[in-house]
Student: 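First the structure, which I've put down as structure tokens, then a few questions once you've had a look.
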Amino acid sequence: SRPAHPYTQALLAAEPRADPRRRRERMEVHGEPPSPLAPPGGCPFHPRCPVAIARCRVEEPARVRVGEGHEATCHLLEGEVAGEG
């Protein structure tokens, strides 16, 4: 119900809605997915992520807890604790 990672947010925003009055804000993801044979360094989503920072290109993010039973791997979520953001 509260996606934390930009990739998950983009996936859910693209989901069609039966009720046109209940629209979600669309999150644009540009570019092609990277080759699984030659993945990029750092965060695997950084080449297509609309909020990527320089660190995303060079360092793989650690898994962080962002809610009860909810984890994500994103540098922008570091320091987040269940219920705090």
Side-chain angles (χ1 to χ4, degrees):
S1 66
R2 291 180 30 200
H5 194 278
Y7 181 72
T8 309
Q9 293 169 356
L11 284 176
L12 292 176
E15 176 184 38
R17 294 288 194 132
D19 183 351
R21 295 171 295 187
R22 295 187 63 211
R23 292 186 180 197
R24 284 192 174 133
E25 184 176 326
R26 194 88 180 184
M27 183 176 189
E28 296 291 326
V29 177
H30 299 282
E32 293 294 319
S35 166
L37 300 175
C43 175
F45 185 56
H46 89 266
R48 301 179 67 211
C49 182
V51 295
I53 57 176
R55 183 177 175 198
C56 300
R57 290 187 285 276
V58 295
E59 185 180 330
E60 188 171 335
R63 185 176 304 259
V64 294
R65 183 176 175 201
V66 293
E68 186 64 37
H70 187 185
E71 297 178 336
T73 52
C74 181
H75 292 302
L76 299 175
L77 299 173
E78 290 175 0
E80 300 266 338
V81 182
E84 289 186 7

Student: Give a yes or no answer on whether the side chain of His46 reaches the backbone of Pro40 with a donor-acceptor pair at less than 3.5 Å.
Tutor: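 Looks like no, no N/O pair under 3.5 Å.
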Student: Looking only at heavy atoms, which two atoms of His75 and Ile53 are closest? And how far apart?
Tutor: CB-CD1, 4.4 Å
Student: Does the side chain of Cys43 reach to within under 4.5 Å of the side chain of Pro61, using non-hydrogen atoms?
Tutor: yes
Student: Kindly give the heavy-atom pair with the smallest separation between Gly31 and Arg48, and that separation in Å.
Tutor: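 Looking at all heavy atoms of both residues, the shortest contact is O-NE, 3.3 Å.
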Student: For atom CD of Glu59, is the number of surrounding heavy atoms from other residues, nucleotides or ligands below 6.0 Å larger than 12?
Tutor: yes
Student: How long is the straight-line distance from CD of Glu71 back to CG of Leu77, given to the nearest 0.5 Å?
Tutor: 11.5 Å
